[in-house]
Protein chains: 2
Amino acid sequence: MALSRNEITNAALRILRKYGFADLSMRRIAADLEVQPSALYWHVHNKQELLVLTATAILEHCRGEDLPQLARSIRAALSSVRDGADVALIAVAASPEPLPGLAQIPPLLRGFGLSDQDAEWGAKTLEHHILAAVAAEQNAEALGRDVDPLAPEAFDFGVRAILKGLGAERGVVDEPVLF
Amino acid sequence: MALSRNEITNAALRILRKYGFADLSMRRIAADLEVQPSALYWHVHNKQELLVLTATAILEHCRGEDLPQLARSIRAALSSVRDGADVALIAVAASPEPLPGLAQIPPLLRGFGLSDQDAEWGAKTLEHHILAAVAAEQNAEALGRDVDPLAPEAFDFGVRAILKGLGAERGVVDEPVLF
DNA sequence: ACCTGAACACCGTTCAAGT
DNA sequence: ACCTGAACACCGTTCAAGT
């Protein structure tokens with residue numbers, strides 16, 4: 001059975017779950033697939049592209065009716081894979097096109113009357129909070145620091161603050177239309 | 001003249017400025033200092049510690065009377081070194097104690113009447129936006145993507161949105177006390 | 001105290017050659 | 001088309017040994 005981008009991505013996810021990002025090397029993935037490292041390069045341009053594929057797989061199937069819900073869905077998806085947020089952070093830095101899940105943020109913001117510009121900038125702010133907050137949680141865990149039991153509250157607090165602020169930009173803060 | 005943590009940190013900053021984060025290796029720093037790589041380990045525990053020292057040096061001398069000012073000061077400091085935001089992102093992940101500059105955020109938030117909990121969480125949200133936004137700008141530049149001329153506006157937009165949202169949490173959004 | 005020299009166990013990536 | 005084998009140019013870190 002020939003190798004494929006999908007199998008390679010799944011191998012990456014396996015290594016991530018079991019050993020974390022520090023152990024996610026092309027050579028390790030190849031070993032996991034019982035293949036020479038160079039074989040991977042017929043299917044994938046380089047490690048960066050593979051990380052984008054991996055982050056895309058992690059964030060597939062994220063959805064939410066409203067933004068707080070979507071944000072929690074993204075947090076859950078990232079949290080389901082060890083160091084998932086770090087991989088996503090690198091993927092958004094490497095890829096010009098938005099990752100699934102994150103791509104749903106701007107339309108939801110526009111749906112509440114934000115201009116294209118405000119929705120774009122607001123989406124970035126939200127995205128930064130989501131990715132960095134989960135990365136901080138996961139890094140704390142990786143370093144053996146005890147996990148903050150209030151992490152979900154802290155996460156939601158940030159999401160709500162940003163959404164309120166984006167509403168406030170347009171003077172609609174009194175009626176909580178955004179959530 | 002014996003080696004020192006300061007000289008090592010400065011060598012790291014030189015390499016960062018000239019060649020960027022991808023070229024910032026212990027071996028490269030050692031070569032720059034005309035010293036064996038192993039010599040560095042007498043002064044520094046490992047690369048992570050050196051990155052924390054480097055980020056600390058980058059963010060030294062950040063100040064601002066209010067939060068939008070402080071945020072711009074941090075942005076300027078990070079922007080002054082190639083891939084500075086990436087280094088800071090790794091440093092905050094690695095170090096339990098806050099970096100200079102970022103450490104000034106919570107007291108400023110408390111100064112406007114936020115509870116300790118709200119100030120702490122709000123500071124994280126602000127910190128995530130600041131670091132991730134500058135990292136995105138710098139990564140876009142590194143990838144040869146044309147720099148967005150509106151980047152400063154986008155940055156300020158996010159800062160203001162978060163501050164308004166934090167104010168809104170306490171019902172003080174009508175009077176713009178935070179800035 | 002401070003550094004060298006040599007080694008260990010890795011990396012990502014390329015590319016001719018095989019099938 | 002798809003993969004192997006071998007190589008290139010690197011990594012971070014350790015540690016005995018020198019001074």
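Proteins come first, then strands; the chains are lettered A, B, ... in the order of their sequence lines, and each starts at number 1.
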Practice task
Using Watson-Crick or G-U wobble pairs with both distances under 3.5 Å, give me DNA chain C in dot-bracket, 5' to 3', with [ ] for crossers and | for pairs to another strand.
Solution key: ||.|||||...|||||.||

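- Between the side chain of A:Gln48 and the main chain of A:Ile90, no donor-acceptor pair closer than 3.5 Å is present.
- A straight line from NE2 of B:His43 to P of C:dC2 spans 7 Å, rounded to a whole angstrom.
- Residue B:Ile8 contributes atom CD1, which lies 12 Å from atom P of C:dC2 at whole-angstrom precision.
- Screening residues 16-31 of chain A for side chain to side chain donor-acceptor pair (under 3.5 Å) gives A:Asp23-A:Arg28 as the qualifying pairs, with residues at least two apart or on separate chains.
- Between the side chain of B:Ser73 and the backbone N or O of B:Gln69, no donor-acceptor pair lies under 3.5 Å.
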Practice task
Begin from the C-alpha positions of B:Phe21 and B:Leu51 and carry the test side-chain contact (heavy atoms from CB on, under 4.5 Å) through to its verdict.
Solution key: CA-CA 10 Å; B:Phe21 187 60; B:Leu51 291 180; 4.1 Å; yes

Check the interface with nucleotides 9-15 of chain D: list each N/O to N/O pair with the protein under 3.5 Å, or write none.
unit_1: D:dC11; atom_1: OP1; unit_2: B:Ser25; atom_2: OG; d: 3.0
unit_1: D:dG12; atom_1: OP1; unit_2: B:Met26; atom_2: N; d: 3.1
unit_1: D:dG12; atom_1: OP1; unit_2: B:Lys47; atom_2: NZ; d: 3.1
unit_1: D:dG12; atom_1: OP2; unit_2: B:Met26; atom_2: N; d: 2.9
unit_1: D:dG12; atom_1: OP2; unit_2: B:Arg27; atom_2: N; d: 3.4
unit_1: D:dG12; atom_1: N7; unit_2: B:Arg27; atom_2: NH1; d: 2.5
unit_1: D:dG12; atom_1: O6; unit_2: B:Arg27; atom_2: NH1; d: 2.8
unit_1: D:dT13; atom_1: OP2; unit_2: B:Tyr41; atom_2: OH; d: 2.8
unit_1: D:dT13; atom_1: OP2; unit_2: B:Lys47; atom_2: N; d: 2.9
unit_1: D:dT13; atom_1: O5'; unit_2: B:Tyr41; atom_2: OH; d: 3.4

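- For the P atoms, the distance linking D:dC10 with C:dA9 amounts to 22 Å, nearest Å.
- Across A:Ala55 and A:Ala88, no two heavy atoms sit closer than the pair CB-CA, 4.0 Å.
- A distance of 12.0 Å separates CG in A:Asn10 from CG in A:Leu16, rounded to the nearest 0.5 Å.
- With a 4.5 Å cut-off on side-chain heavy atoms, A:Met26 and A:Tyr41 count as touching.
- Looking at A:Gln138, its side chain does come within 3.5 Å of a backbone N or O of A:Leu78 through a donor-acceptor pair.
- Rounding to whole angstrom units, CD of residue A:Gln36 and C1' of D:dC2 are separated by 13 Å.
- Atom pair B:Arg5:CZ and C:dC2:P shows a separation of 13 Å (rounding to whole Å applied).
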